[in-house]
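Here is how names work: the chains are called A, B, and so on, in the same order as the sequence lines, proteins then strands, and each is numbered from 1.
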2 protein chains.
Amino acid sequence: MTQKRDTANYGAAEVWVQLSRAHMVVQNKIENALKAAKLPPLAWYDILLELDRLGAGGGRAYEVQARLLLPQYGLSRLLERLEKARYVSRKKSAEDGRGKLIFITAEGKKVRLEMWEIYRAALRSAIDDKLPETGKKPLMALLAQLQ
Amino acid sequence: MTQKRDTANYGAAEVWVQLSRAHMVVQNKIENALKAAKLPPLAWYDILLELDRLGAGGGRAYEVQARLLLPQYGLSRLLERLEKARYVSRKKSAEDGRGKLIFITAEGKKVRLEMWEIYRAALRSAIDDKLPETGKKPLMALLAQLQ
DNA sequence: TCCATATAAATGCAAGTGCATCTATATGGG
DNA sequence: CCCATATAGATGCACTTGCATTTATATGGA
């Protein structure tokens, strides 16, 4: 192929294809590992971690939402499921009657740690085992530019 | 934070977070651009491109499936929708009575090109405008290692 | 030939997602 | 104080996805 390409942005498309595939491959590994361990999906982990970090005071849904880049209704329904599973609890906010305060329960903390064990192992095999140590920083720096 | 971390694989987790965010950001830009142009979602593009490449002879679903990394039922239903939209047609295979041959229609080719115009512009602003030209090759090489 | 097993594709059902809208409360200007 | 507007969060509905299973055909060995 020595001819000049007649279609612009071929390079960007190639980057996007690699980005998509890498993402899918890693995500599948993590989700499959969690599923095999009969643990909740990855999305639950992120919320549980966020709530765990917020501590005993809990937090407002809209704060969590902003940090996790989820749509408003998405978080609302995720919390609904997490509450049904007894991993979080919601109660009316005292200062703002429109809102709720969200808390992680003891059971939620426990399951988050169980998930982390699996998650960590999956990351090790999906990332550490594939990428040389010297590759992580450059990769992160390049990915950060896309945001 | 001068203490040694007590949790292993923190580096891999950071890479994964960046990878997820970069992926989400780019994907949202592309999907939003397509939506704004009242065109079908990105997933349709990939199939249409694949079928377009297969040419007049068409192709079998399981072949396309392997290349696109979709679950079997996912492709089956995607093709169902694409057929309903008149962008592809399916007919019984002559050699293998279990299977179907899949073809892209003229309308399918047309819409794929319309999508490409939008897709290309979105890639330009999401990738070319963010990443220096010298960053693409290294990024692709690093991402390729994760597969 | 017959049957056990494998493969291609479709599908019923439950669960998740996107979009638009709704309810309830807050807030600032007149 | 009242109202228009903004904000927090929930929800009805249509569509999509995941999982398991089904249907139809193929294939290799007894």
Requested in this report: Grab the two heavy atoms, one from A:L79 and one from A:A61, that are nearest each other, plus how far apart they are.
Outcome: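 In this case the closest contact between A:L79 and A:A61 is CD1-CB, 4.3 Å.
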Once you round it to whole Å, what is the distance between [atom2] of [N] and [atom1] of [X]?
X	N	atom1	atom2	result
A:Q65	C:dT17	CD	C1'	15 Å
B:E95	C:dA9	CD	P	12 Å
B:L70	C:dA8	CG	C1'	16 Å
B:L75	C:dA10	CG	P	8 Å
A:Y73	C:dA20	OH	C1'	10 Å
A:K92	C:dT23	NZ	C1'	11 Å
B:L42	C:dG18	CG	P	15 Å
A:L79	C:dG16	CG	P	14 Å

Query raised in the report: Should A:H23 and A:W16 be marked as a ring-ring contact (aromatic ring centres under 6.0 Å, His included) after you check the CA-CA gap, both sets of side-chain angles, and the distance that decides it?
Result: CA-CA 10 Å; A:H23 180 260; A:W16 169 234; 9.1 Å; no
Query raised in the report: Does the side chain of B:R90 get closer than 4.0 angstrom to OP1 or OP2 of C:dA10 through an N or O atom?
Result: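 So the side chain of B:R90 is within the cut-off, an N or O lying under 4.0 Å from OP1 or OP2 of C:dA10.
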Query raised in the report: Does A:R81 make a side-chain N or O approach to OP1 or OP2 of C:dT17 shorter than 4.0 Å?
Result: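 So the side chain of A:R81 is within the cut-off, an N or O lying under 4.0 Å from OP1 or OP2 of C:dT17.
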Requested in this report: In sequence, state the C-alpha distance, the side-chain angles, and the governing distance for B:E63 and B:R67, and then conclude on salt bridge (Lys or Arg N to Asp or Glu O under 4.0 Å).
Outcome: CA-CA 7 Å; B:E63 295 166 338; B:R67 290 180 54 83; over 6 Å; no
Report task. Could you work out which one of C:dA10, C:dT25, C:dA6 sits closest to the side chain of B:R98? Result ->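 Selected nucleotide: C:dA6.
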Requested in this report: Name the residue closer to the 5' end of DNA chain C, choosing between A:A94 and B:E80 according to the nucleotide with the nearest heavy atom.
Outcome: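 Nearest nucleotide further toward 5': that of B:E80.
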Query raised in the report: Which residue, A:W44 or B:A61, contacts DNA chain C at a nucleotide closer to its 5' end, judged by nearest heavy atom?
Result: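 The residue closer to the strand's 5' end, by nearest nucleotide, is B:A61.
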Query - Closest-nucleotide 5' rank along DNA chain D - winner of A:D96 and B:R77 - result: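 Its nucleotide being nearer the 5' end, the pick is A:D96.
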Report task. Select from A:K100 and B:P71 the residue whose nearest nucleotide in DNA chain D is closer to the 5' end of that strand. Result ->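 Comparing both residues, the 5'-ward one is A:K100.
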Report task. At the 4.0 Å heavy-atom cut-off to chain B, mark where contacts on DNA chain D begin and end, going 5' to 3'. Result ->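 Under 4.0 Å from chain B, the extent on DNA chain D is D:dT16 to D:dA26.
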Query - Candidate pair A:R86 and A:E83, rule salt bridge (Lys or Arg N to Asp or Glu O under 4.0 Å), full reasoning - result: CA-CA 5 Å; A:R86 309 258 168 205; A:E83 192 174 41; over 6 Å; no
Show me the side-chain donor-acceptor pairs of residues 132-147 of chain A shorter than 3.5 Å, one per line, residues at least two apart or across chains.
residue: A:E133; atom: OE1; partner: A:K136; partner atom: NZ; Å: 3.4
residue: A:K136; atom: NZ; partner: A:D128; partner atom: OD1; Å: 2.5

Contact class for [X] (heavy atom, under 4.0 Å): base, sugar-phosphate, or nothing?
X	result
B:G97	sugar-phosphate
B:G74	nothing
A:R60	sugar-phosphate

Spacing of [X] atom [atom1] and [Y] atom [atom2] [to the nearest 0.5 Å]:
X	Y	atom1	atom2	value
B:Y45	B:R112	OH	CZ	4.0 Å
B:L19	A:I127	CG	CD1	6.5 Å
A:K35	A:I30	NZ	CD1	12.5 Å

